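Position 1 is the first residue of the sequence; numbering continues from there. Keep in mind it's a predicted model, so treat the numbers as computed, not measured.
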Amino acid sequence: MNRVYRVNRPASVALAALSLLSLTALTACGGDSEPDPATDKPKTSASASAAEAPSPAEHLAATIVTKTDADGFQVDEPSDEFVFAKSPDEVTVDKPACAPLAFAMNQLPLGTPEADLTRVASGPTDAPTRLTKGITYTYVTLASYAPGKAQSAFADVRKAVDACADGFTAKANGNESPYDSVTAEKVTPAGDESLGYTSTMTFRGVQHVLHGEVVRSGDVLAVYFSADGLAIANGRPSDARLSPTVVKAQNAKLEAAGSES
């Protein structure tokens with residue numbers, strides 16, 4: 001798995017606030033050739049073609065959204081200093097059916113990917129709400145799967161949204177993340193299939209609304225999550241929506257990568 005983390009210091013205060021909630025940090029060899037009798041030119045073997053194809057990790061690295069793509073947003077590698085868990089194996093959920101949502105909201109891969117990669121885009125929100133109008137964080141996790149595995153992981157998330165309306169609690173490494181409710185949320189269709197959801201949670205008596213989206217494009221899943229870390233740290237109610245700019249840019253790169261494969 002390709003999981004390298006780093007964060008700029010200005011974002012650390014908000015990310016630390018999210019850690020208090022036990023949320024996320026608010027994270028070649030060539031083949032042989034033989035002459036072709038018809039053309040008397042070398043014929044590339046199947047093994048050589050396979051060697052030229054990028055690995056799942058390389059494919060994700062080339063496809064993940066960057067600062068250049070996300071106009072006006074800073075894009076960084078999230079720090080592992082504030083992560084809820086470093087792997088799905090560290091997480092337990094009181095309602096097993098809700099585990100995919102616990103993973104999605106904590107930048108952990110869904111199912112059994114061959115590689116995964118996370119970035120966090122920060123900046124003044126381009127989707128202001130009554131409660132949140134300042135700096136927000138949109139997390140993007142890409143994961144690449146063997147054929148058929150991405151569809152299965154996506155189906156598990158869809159089932160979780162339906163099954164976890166009354167909320168759930170996730171635990172890892174002595175931390176606890178209670179979510180009060182989960183509801184489906186309409187999103188702009190993208191990829192081969194997509195879904196959105198809203199989750200609420202209460203911290204120190206203050207309610208916060210969190211948003212997520214999952215998009216499948218071929219054998220790659222893009223998982224988006226947003227939170228207003230500064231509001232959480234300051235005890236203000238929040239409703240941080242995903243950045244349309246970031247989501248649109250990432251979905252466009254997924255579509256482009258799919259058309260090239």
Write down the atom of [X], the atom of [Y], and the distance for their closest heavy-atom approach.
X	Y	value
Phe73	Gly123	CD2-N, 3.8 Å
Ala150	Leu221	O-CD2, 4.0 Å
Pro124	Ile135	N-CD1, 3.5 Å
Ala146	Asp219	O-OD1, 4.1 Å
Thr118	Gln107	CG2-CG, 3.7 Å
Ala190	Ser194	N-OG, 3.3 Å

Do [X] and [Y] touch side chain to side chain, with heavy atoms closer than 4.5 Å?
X	Y	value
Val206	Arg236	no
Val157	Leu110	yes
Phe225	Thr138	no
Tyr145	Arg216	no
Leu142	Thr63	yes
Tyr179	Ser177	yes
Val91	Leu108	yes
Thr200	His208	no

Under 3.5 Å side-chain donor-acceptor pair for Thr245 and Asp71: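 There is no such pair between these side chains.
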inquiry  = Less than 3.5 Å apart, any donor N or O on the side chain of Asp180 or Thr202 sitting next to an acceptor on the other?
reply    =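 A donor-acceptor contact under 3.5 Å links the two side chains.
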Any chance you could measure [X], atom [atom1], to [Y], atom [atom2], to the nearest 0.5 Å?
X	Y	atom1	atom2	result
His211	Leu242	NE2	CG	7.5 Å
Asp76	Thr66	CG	OG1	11.5 Å
Tyr137	Gln74	OH	CD	10.5 Å
Ser55	Glu114	OG	CD	9.5 Å
Ser217	Gln250	OG	CD	10.0 Å
Ser238	Lys133	OG	NZ	12.0 Å

Would you call Asp69-Lys253 a salt bridge at under 4.0 Å N-O?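 A salt bridge is present here (some side-chain N lies under 4.0 Å from a carboxylate O).
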Would you call Glu185 and Arg241 a salt bridge, using N to O less than 4.0 angstrom?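 Looking at Arg241 together with Glu185, the answer is yes, because their closest N to O distance falls below 4.0 Å.
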Query raised in the report: Backbone N or O of Leu131 within a donor-acceptor pair of the Asp239 side chain at under 3.5 Å?
Result: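 Not a single qualifying donor-acceptor pair exists.
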* Donor-acceptor contact present, side-chain Thr132 to main-chain Pro128, <3.5 Å ->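 The answer is no, because no donor-acceptor pair under 3.5 Å joins these two groups.
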Open item on the list: For a side chain to side chain contact (heavy atoms under 4.5 Å, CB included) check, start with the C-alpha distance between Val223 and Val140, then their side-chain angles and the critical distance, and finish with the verdict.
Closed with: CA-CA 6 Å; Val223 179; Val140 181; over 6 Å; no
If two hydrophobic side chains count as joined below 4.5 Å and joins carry through other members, does [X] share a cluster with [Y]?
X	Y	result
Leu195	Val182	yes
Phe103	Val93	yes
Leu101	Val209	no

Query - Test log, rule side chain to side chain contact (heavy atoms under 4.5 Å, CB included), inputs Val83 and Asn106 - result: CA-CA 7 Å; Val83 296; Asn106 287 287; over 6 Å; no
Requested in this report: Check the pair Gln151, Asp192 against side chain to side chain contact (heavy atoms under 4.5 Å, CB included), reporting the backbone distance first and the verdict last.
Outcome: CA-CA 10 Å; Gln151 291 96 318; Asp192 296 306; over 6 Å; no
ask   = Do any pairs count as a salt bridge (Lys or Arg N to Asp or Glu O under 4.0 Å) and have a residue in residues 156-171, sequence neighbours left out, and if so which ones?
value =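 Of all non-adjacent pairs touching residues 156-171, those that pass salt bridge (Lys or Arg N to Asp or Glu O under 4.0 Å) are Lys171-Glu176.
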Would Ser226 and Thr136 count as a side chain to side chain contact (heavy atoms under 4.5 Å, CB included) here? Give the steps.
CA-CA 7 Å; Ser226 64; Thr136 58; 5.9 Å; no
